[in-house]
Number of protein chains: 2
Amino acid sequence: MANPTAAMLVIGDEILSGRTRDANMHHLAGELTQVGIDLKEVRIVSDDRAAIIGAVKALSAGYDTVITSGGIGPTHDDITADCIAAAFDAHIDVRDDARALLQAHYDRQGVEFNTARQRMARIPDGAKLIENPVSIAPGFTIGNVHVMAGVPSVFQAMVASVLPTLTGGQPLLSQTLRIDRGEGEIAGPLSELAADFPDLSIGSYPFQRNGSYGANIVIRGSDGARVDAAMTRLSALFAQ
Amino acid sequence: MANPTAAMLVIGDEILSGRTRDANMHHLAGELTQVGIDLKEVRIVSDDRAAIIGAVKALSAGYDTVITSGGIGPTHDDITADCIAAAFDAHIDVRDDARALLQAHYDRQGVEFNTARQRMARIPDGAKLIENPVSIAPGFTIGNVHVMAGVPSVFQAMVASVLPTLTGGQPLLSQTLRIDRGEGEIAGPLSELAADFPDLSIGSYPFQRNGSYGANIVIRGSDGARVDAAMTRLSALFAQ
């Protein structure tokens with residue numbers, strides 16, 4: 001049976017302008033792979049209402065699970081929660097459960113729970129809160145979409161609380177062999193190997209180092225014995 | 001007048017599996033920003049024919065320029081060129097001009113120009129070659145789509161040769177102010193500032209460092225005097 005599929009939506013002008021290099025995608029990709037959920041697509045869009053709504057609808061319809069990152073803070077440019085609500089035709093306002101969490105948090109700190117901070121309690125009707133042990137302001141799940149913060153420490157904590165609730169599949173096993181020859185030299189035999197193991201994914205990732213060419217050959221599959229068998233054949237093919 | 005828009009399509013299982021962290025997106029984002037082309041969307045899809053064709057068609061129709069990265073090498077998993085041809089209903093085969101480039105290159109090296117290497121000369125009819133000073137195998141431009149290699153050194157060289165051919169816009173100027181207060185405290189005044197400067201983009205990027213909260217406020221726009229004016233107001237608002 002095929003593994004469950006996932007997509008990620010990153011919301012943030014700061015990545016598209018080159019100011020920040022995204023870290024959340026790489027983290028999520030690794031976590032999903034470990035539990036056998038196939039991350040099939042990532043989209044990065046700007047802080048633009050139509051772009052966010054369009055992407056959420058497309059990804060939610062196309063994949064089993066969608067995880068979003070960014071745009072759920074208290075400032076004017078944080079529009080993700082409202083866009084997700086619109087994508088699901090859900091009403092959104094400050095919700096009592098989220099407000100209570102935040103109120104208690106700011107009371108403990110002796111900090112005013114002002115209008116801006118109350119924005120972080122805006123949760124669509126019908127959504128389930130995602131716990132945020134780092135900075136309290138919750139994410140939420142609506143339909144198959146999990147809405148998380150963009151700050152990496154908070155994103156990672158939210159992934160950790162949502163991941164056990166998702167149905168996983170066969171974890172993807174992988175083995176890598178580095179071959180210090182150009183791809184053009186190994187492509188023929190590699191293609192035959194791939195044809196003999198149609199149940200495995202065999203990828204070639206070229207590199208250039210100190211002026212000479214090589215490639216990392218990555219063999220991936222859910223059946224360890226098959227991955228071993230293909231790796232044995234690969235090693236024999238390109239014994240240096 | 002609004003700046004020209006661009007989208008990027010990254011093709012590669014190795015990024016979606018968490019094996020590799022993409023570097024090309026961050027490079028391209030910075031380069032486009034400098035010449036006033038707005039990178040509006042990035043999609044990352046796996047080495048899957050339907051996914052690549054669907055994404056290329058959508059992005060090509062939605063933005064002025066599309067740049068792709070990955071999947072144009074000699075191995076069996078390099079299917080980008082054929083997918084792009086299919087997206088444009090163009091015939092594709094080994095093309096004489098690309099073959100001549102590669103033949104000369106391998107002749108110089110005394111290396112066999114074998115069937116696998118000839119795959120790198122597969123170019124759609126009507127496409128224009130993109131020069132590759134690093135490893136010769138060319139990229140190509142068809143319609144508004146520029147097809148480039150995934151190896152970062154080659155990608156960067158191809159970006160450098162295509163960028164001068166694109167119509168730029170007003171380069172985006174940006175200034176950043178770091179404020180060592182939580183977003184919840186600054187969000188109200190910041191929102192008023194944003195309302196007073198509707199021609200600028202004012203973003204708040206929160207961070208947590210040594211247990212305390214802060215945010216980088218980034219003001220972006222194409223008119224330097226306006227960016228200066230907003231930054232002066234911002235500094236006065238949050239003078240520590």
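This one's a predicted model, so the numbers in the text were calculated from it and none came from an experiment. Labels below follow one simple rule: chain letters A, B, ... track the order of the sequence lines, proteins then strands, and each chain is numbered from 1.
Rounded to the nearest 0.5 Å, atoms CD1 (A/Ile217) and OG1 (A/Thr176) are 9.5 Å apart. The CD1 atom of A/Ile219 sits 9.5 Å away from atom OG of A/Ser174, with the distance rounded to the nearest 0.5 Å. The structure places CZ of B/Arg122 at 12.5 Å from OG1 of B/Thr80, a figure rounded to the nearest 0.5 Å. Distance CG/A/Asn24 to CD/A/Gln156: 7.0 Å, rounded to 0.5 Å. Once rounded to the nearest 0.5 Å, the distance linking CD of A/Glu185 with CZ of B/Arg117 reads 5.5 Å. The CZ atom of B/Phe238 lies 8.0 Å from the CG atom of B/Leu193; values are rounded to the nearest 0.5 Å.
Among B/Ala149, B/Ser17, B/Ala137, the residue making the largest number of heavy-atom pairs under 4.5 Å with chain A is B/Ser17. The choice from A/Arg21, A/Met8, A/Glu14, A/His26 that makes the most heavy-atom pairs within less than 4.5 Å of chain B is A/Arg21. Contact count against chain B (heavy-atom pairs under 4.5 Å) is highest for A/Gly184 among A/Gly184, A/Ala55, A/Ser191, A/Gly18. Options A/Thr33, A/Val151, A/Ile15, A/Leu39 differ in how many heavy-atom pairs under 4.5 Å they form with chain B, and the most are formed by A/Leu39. Of the listed residues (B/Ile186, B/Thr75, B/Leu190, B/Val218), the one with the most heavy-atom contacts under 4.5 Å to chain A is B/Thr75. When each of B/Arg220, B/Glu31, B/Gln208 is checked for heavy-atom pairs under 4.5 Å with chain A, B/Arg220 comes out on top. Note on B/Val134, B/Asp77, B/Val42: by heavy-atom pairs under 4.5 Å with chain A, the leading option is B/Val42. For the options A/Tyr213, A/Tyr205, A/Phe207, heavy-atom pairs under 4.5 Å to chain B are most numerous at A/Tyr205.
Under the ring pair (Phe, Tyr, Trp, His ring centres under 6.0 Å) criterion, B/Phe113 pairs with B/Tyr106, not counting sequence neighbours.
There is no contact between B/Gln118 and chain A, counting heavy-atom distances below 4.5 Å. Contacts of B/Thr115 with chain A are absent, with no heavy-atom separation under 4.5 Å from either backbone or side chain. Contacts of B/Ala23 with chain A are made by both backbone and side-chain atoms, with heavy-atom separations under 4.5 Å. Using a 4.5 Å cut-off between heavy atoms, A/Leu28 does not touch chain B at all. Heavy atoms of A/Glu112 lying under 4.5 Å from chain B are absent altogether. With a 4.5 Å cut-off on non-hydrogen atoms, B/Leu32 does not touch chain A at all. Within the 4.5 angstrom heavy-atom criterion, atoms from both the backbone and the side chain of B/Val45 approach chain A. At a 4.5 Å heavy-atom cutoff, B/Val111 makes no contact with chain A through either its backbone or its side chain. With a 4.5 angstrom heavy-atom cutoff, B/Met120 does not touch chain A via any of its atoms. For a residue to count as touching a neighbouring chain, one of its non-hydrogen atoms must lie under 4.5 Å from one of that chain's; by this rule A/Val10 does not touch chain B.
Each salt bridge (charged side-chain N to carboxylate O under 4.0 Å, His left out) pair with one or both residues in residues 35-60 of chain B, not counting sequence neighbours, appears once here: B/Glu41-B/Arg43.
With respect to A/Arg119 and A/Asp78, no salt bridge is recorded, no charged nitrogen being found less than 4.0 Å from a carboxylate O. Between B/Arg19 and B/Asp13 there is no salt bridge, since none of the side-chain N atoms of the basic residue sits less than 4.0 Å from a carboxylate O of the acidic one.
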I'd like to know whether A/Met148 forms a side chain to side chain contact (heavy atoms under 4.5 Å, CB included) with A/Thr68, so could you lay out the CA-CA distance, the side-chain angles of the two residues, the decisive distance to 0.1 Å, and finally the verdict.
CA-CA 6 Å; A/Met148 305 186 182; A/Thr68 80; 5.5 Å; no
